Every structure is written in structure tokens, then in C-alpha cells.
Protein chains: 2
Amino acid sequence: MHDEQIEAMSKLLKSMSHPIRLKILCLLQDKELSVGEIREQVKTTNANVSQHLNILRGQGIIDYRKDANFIFNKITDKRILELIQKMRVLFCPNF
Amino acid sequence: MHDEQIEAMSKLLKSMSHPIRLKILCLLQDKELSVGEIREQVKTTNANVSQHLNILRGQGIIDYRKDANFIFNKITDKRILELIQKMRVLFCPNF
DNA sequence: GAAGTATTTCGTTTTTTAATTTAATAGTTG
DNA sequence: CAACTATTAAATTAAAAAACGAAATACTTC
């Protein structure tokens, strides 16, 4: 890997390496979820979820669509799905 | 993934997500290297390399062997090799 | 055992990241 | 349009990680 790729890759990993954000990504593996639904699962405040979602959006990992006053989030980058899948296989073989 | 696995996984990712540490892991993909050799490649101080190596050791990602007054580092966890390989394929397809 | 090389440790400073609180925006419903 | 819900934004505070420099350790060679 070139240094630029190292930089880009480490930014990506950093954005995935917060427990709340990693959990959000796991939750979004197979379905889209609203901010409120995410908040229930990760047990924190709306504002906090929103902040973390923004970081993931900034990385281009997730996208959202609006419906009424709900915002549904989903993973846009297929590679992220694959990467998380690989992590599961390697490190959590029982699931 | 369970919450405990999420915690463990995010710690692992965090330890890999610093550009210097990620570069060290890439350098150690196919060979073992001394602290000094690593320092040359990542262009920082010995103390800084040592600090980062300690973090990777703490995570159980790398191990070392002593030879004279050199310390040779290598990746011990095969899963890390696989994970980095996967990241390469997904995000750096040209290499 | 003195001098030299490689690495680590420790204490400090700087920088980054995360959490918290409050206020703002946007849409919905009666 | 008032009351309500969902989400975001902005500002502050708290906590964690990184970088730096100097001193300490360990091993080698002469």
C-alpha cells in the first residue's frame, strides 16, 4: 500500500473503531434504521447517535433517506459490508 | 455480534487505525523487522515506534524475538494477515 | 569495564476525540 | 397555528491518544 492509501485506510478504520459506530454498522448490515431505532439499540442520546452518524456519513460509509420526520440510514459502500462480514468470520466464528 | 464482541473488535480496529501502526502492520505482512528498520520506513523517532509497537503487542497482534541488541517484530495473529489482505483487495485493488 | 548501539520508559505537552447540554430546525397532526 | 415528534447543530466540558525529549536499560565489542 502507498502512504496515501495507508492514510485513507486508517481514516476509514478509525471511523469504524468506535464501539457505538461499529455497532451501528453491524445493525445496518441487513436493514435500514431510523435514528430513534438506533438510539434504542445502542442506549445513548439522540444527539450522540446523530454525531456518530455524521462521522460515518462523512466517510461515505452510510447514506440516508427522509420519510416524514424520520431519517432512515443504510450502508452504501458494499465493501464495508464485505469487510464486516470478513471480520465476523475471522473473529466471531460462532455467529 | 454481541456487545462484548463489539467492544473487543472496536479495540482491535482502533489499534490498527493509526497510520503509523497500520503501516507497521503492512510492512510486517511478509517479513519480520527490527525497531530501527521500522523507524526508517515510517520516518519518526525510535521512542514513537516503540510506543506504537507496545500498543500492537498489548493487543496480541505482534510478537518479538531478541537477537543481540535488535528486536525483531512479527505478526503472530494469522487473522490480522487475512484481514489486511481483505482490506487490500477491497480498497486497493491495484496492488 | 568503558564506549557504542538499540530499544524502552517516564514525565510532560499538545492534539484529537467523545460526551453532554441546550437550542434550533423540520415535519406532522389535531 | 399550537403542540408534538424526530433529528441536527453548536458550544462546552471531559477524557483519551499522540508526540516529544530526556534519561534509563540492555546488550556488544573492544
Side-chain angles (χ1 to χ4, degrees), chain A residues 3 6-28 31-76, chain B residues 3 6-28 31-76:
Chain A
D3 282 4
I6 299 263
E7 286 291 332
M9 200 65 219
S10 58
K11 270 185 198 158
L12 177 64
L13 289 178
K14 179 146 53 179
S15 74
M16 299 174 65
S17 73
H18 187 284
I20 288 183
R21 292 195 294 270
L22 184 58
K23 182 155 187 182
I24 290 174
L25 292 176
C26 286
L27 293 170
L28 295 179
K31 53 179 173 295
E32 58 177 22
L33 292 172
S34 70
V35 179
E37 290 171 312
I38 293 171
R39 185 209 59 235
E40 286 171 28
Q41 305 256 0
V42 304
K43 307 224 191 309
T44 181
T45 61
N46 268 337
N48 194 219
V49 171
S50 182
Q51 233 175 279
H52 287 301
L53 287 173
N54 253 324
I55 290 171
L56 294 172
R57 284 172 197 147
Q59 263 296 319
I61 296 178
I62 65 173
D63 201 358
Y64 65 94
R65 85 183 158 82
K66 254 183 138 161
D67 185 354
N69 40 16
F70 292 86
I71 287 189
F72 290 100
N73 301 276
K74 70 156 181 272
I75 294 179
T76 46
Chain B
D3 283 3
I6 300 263
E7 286 291 332
M9 200 65 218
S10 58
K11 270 185 200 159
L12 177 65
L13 289 178
K14 178 146 54 178
S15 73
M16 298 174 65
S17 73
H18 187 284
I20 287 183
R21 291 195 294 270
L22 185 57
K23 181 155 186 183
I24 290 174
L25 292 176
C26 286
L27 292 170
L28 294 180
K31 54 178 172 298
E32 59 177 21
L33 291 172
S34 70
V35 178
E37 289 171 315
I38 293 170
R39 185 208 58 234
E40 285 171 29
Q41 304 257 359
V42 303
K43 307 223 192 308
T44 180
T45 61
N46 267 337
N48 195 220
V49 170
S50 183
Q51 229 174 277
H52 287 302
L53 287 173
N54 253 323
I55 290 171
L56 295 172
R57 284 171 197 149
Q59 264 295 319
I61 296 177
I62 65 173
D63 200 357
Y64 64 94
R65 85 182 157 81
K66 257 185 135 158
D67 185 355
N69 39 18
F70 293 86
I71 287 188
F72 291 100
N73 301 276
K74 70 156 182 273
I75 294 179
T76 47

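The shown structure was predicted, so the numbers you read here are calculated from the model rather than taken from an experiment. A, B, ... follow the sequence lines: proteins, then strands. Residue 1 opens every chain. Just so you know, these numbers use all the heavy atoms, side chains as well, and skip hydrogens, waters and symmetry mates.
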When rounded to whole Å, the CD to C1' distance for the pair A:Glu40 and D:dT7 reads 15 Å
Does a side-chain heavy-atom distance below 4.5 Å link B:Ile75 with B:Leu56? no
Ignoring hydrogens and angles, answer whether the base of D:dT5 and the side-chain atoms of A:Asn69 contain a donor-acceptor pair closer than 3.5 Å. yes
Return the CD1 to CD1 distance between A:Ile20 and A:Ile38, rounded to the nearest 0.5 Å. 11.0 Å
Would one find more than 12 heavy atoms of other residues, nucleotides or ligands at under 6.0 Å from atom OH of B:Tyr64? no
Over how many whole Å does the gap from A:Ile62 atom CD1 to D:dT7 atom P extend? 13 Å
In short, B:Gly60 meets B:Thr76 closest at the heavy-atom pair O-OG1, 3.4 Å
Gap between atoms NZ and C1', on A:Lys11 and C:dT16 respectively (whole Å): 13 Å
Check whether any side-chain heavy atom of B:Leu27 sits under 4.5 Å from a side-chain heavy atom of B:Val42, and report yes or no. yes
Of C:dT7, D:dT8, D:dT28, the nucleotide closest to the side chain of B:Ala68 is D:dT28
When rounded to whole Å, the CZ to P distance for the pair B:Arg39 and C:dT7 reads 8 Å
Closest non-hydrogen atom pair between B:Ser15 and B:Ile55, with its separation: CB-CG2, 4.1 Å
Roughly how many Å is it from NZ in A:Lys14 to P in C:dT16, rounded to a whole number? 9 Å
Do the non-hydrogen side-chain atoms of A:Leu28 and A:Lys74 ever get within less than 4.5 Å of each other? no
With a cut-off of less than 4.0 Å, is there a side-chain N or O of A:Lys66 near OP1 or OP2 of C:dA26? no
Between C1' of D:dT5 and CD1 of A:Ile71, the distance in whole Å: 13 Å
Which part of the nucleic acid, if any, lies within contact of B:Thr45, taking any heavy atom under 4.0 Å across all strands shown: a base, the sugar-phosphate backbone alone, or nothing? nothing
Strictly below 4.0 Å: does B:Arg21 bring a side-chain N or O up to OP1 or OP2 of D:dA18? yes
For B:Tyr64 and D:dA26, what is the distance between atoms OH and P respectively, to the nearest whole Å? 12 Å
Whichever of A:Ile20 and B:Asn73 has its nearest DNA chain C nucleotide further upstream toward 5': B:Asn73
Whole angstroms only, please: what is the CG-P distance between A:Leu13 and C:dT16? 19 Å
In residues 46-59 of chain A, which ones come under 4.0 Å of DNA chain D, going by heavy atoms? A:Asn46, A:Ala47, A:Ser50, A:Asn54, A:Arg57
Output yes when at least one side-chain N/O atom of B:His18 is less than 4.0 Å from OP1 or OP2 of D:dA16, else no. no
